Amino acid sequence: MLDVMAEIKLAESKVQELKDVCKKFGYDKSELINVLHAAQGIFGYLPAEVQELVANELKVNVAHVYGVVTFYSFFTITPKGEHPVSVCMGTACYVRGAEKVLDEFKRLLDIKVGETTPDGRFSISNLRCVGACGLAPVVTVGDKVYGRVAPEDVKDILAEYS
């Protein structure tokens, strides 16, 4: 049977870095989320190969690791752009126009939610809640938080990263 899934070759230095993280956490299964956070920091996302490595190091089932990765919205199994854009779609943000802000990001970047621009610079996702409801609608670009964002602000936000 022909394998249609291309396997990703992980850089040995990053593999070792992740193994060191697992060791730091004592190979403790209860530290899975912390290890996955570190793994995503190292690789930028959590492809199947990274999930398998974590499962092997912590001696847990790969299906369990995949379940955790896909349950929590923070984790991603696809590469994010250099500048990941997240638009909060929680109740306060949604009521105050987050959907129109998201539409403007999609229009200007010419991508859909979950996609990355062809040049790898931007990706778009939406979140359930950022926890900054008083600043609604909220957008994050990487670690930077933008509050009270209107659709006409999107062009200026993107220009900061050009």
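Quantities reported herein were computed from a predicted structural model and do not represent experimental measurements.
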Within residues 147-160 or reaching into it, pairs that qualify as side chain to side chain donor-acceptor pair (under 3.5 Å) - sequence neighbours excluded: Lys144-Glu160, Tyr146-Glu160
Identify each donor-acceptor pair in which a side-chain atom of residues 53-67 lies under 3.5 Å from a protein atom, sequence neighbours left out, and give them as a table.
from, atom 1, to, atom 2, distance (Å)
Asn56, ND2, Glu52, O, 3.3
Asn61, OD1, Ala63, N, 2.6

Connected via hydrophobic side-chain network under 4.5 Å: Val130 and Met89: no
Side-chain donor-acceptor pairs of residues 122-129 under 3.5 Å, sequence neighbours excluded:
from, atom 1, to, atom 2, distance (Å)
Ser123, OG, Gly81, N, 2.9
Ser125, OG, Ser86, OG, 2.9

Listed partners of Thr91 passing side-chain hydrogen bond (donor to acceptor under 3.5 Å, both in side chains), at least two apart: none
Path from Val145 to Val139 over hydrophobic side-chain contacts below 4.5 Å: no
Check: Lys106 and Ile111 side chains under 4.5 Å, non-hydrogen atoms: no
Any residue meeting side-chain hydrogen bond (donor to acceptor under 3.5 Å, both in side chains) with Asp143, in chain and number order, not counting sequence neighbours: none
Shortest non-hydrogen separation from Cys93 to Cys88 and the atoms involved: CB-O, 3.3 Å
Hydrophobic cluster membership, Val95 vs Val101, 4.5 Å side-chain cutoff: no
Donor-acceptor contacts, no H, no angles, side chain residues 33-47, under 3.5 Å, sequence neighbours left out:
from, atom 1, to, atom 2, distance (Å)
Asn34, ND2, Glu31, OE1, 2.5
Gln40, OE1, Thr76, N, 2.9
Gln40, NE2, Phe74, O, 3.1

Joint hydrophobic cluster, Leu135 plus Val141, side-chain heavy atoms closer than 4.5 Å: no
CG/Asp119: more than 12 non-hydrogen atoms of other groups inside 6.0 Å: yes
Residues, nucleotides or ligands: over 12 heavy atoms within 6.0 Å of Tyr27 OH: yes
Over 12 foreign heavy atoms within 6.0 Å of OH, Tyr94: no
Under the side-chain hydrogen bond (donor to acceptor under 3.5 Å, both in side chains) test, residues paired with Arg107 that sit two or more places apart: Glu104
Those residues that, when tested against Asp20, pass salt bridge (charged side-chain N to carboxylate O under 4.0 Å, His left out) (two or more places apart): none
Between CG on residue Leu18 and NZ on residue Lys23, distance to nearest 0.5 Å: 14.0 Å
Minimum side-chain heavy-atom gap Val113-Leu102 below 4.5 Å: yes
Selection residues 75-99 - residue pairs positive for salt bridge (charged side-chain N to carboxylate O under 4.0 Å, His left out), sequence neighbours left out: Glu82-Arg121
Which residues share a side-chain contact (heavy atoms from CB on, under 4.5 Å) with Ala11, sequence neighbours left out: Ser13, Lys14
Side chain proximity check, Phe75 to Thr70, heavy atoms < 4.5 angstrom: no
Gly120 versus Thr116, closest heavy-atom pair with distance: CA-CG2, 3.8 Å
Side chain to side chain contact (heavy atoms under 4.5 Å, CB included) evaluation trace for Val138 with Val149: CA-CA 6 Å; Val138 175; Val149 179; over 6 Å; no
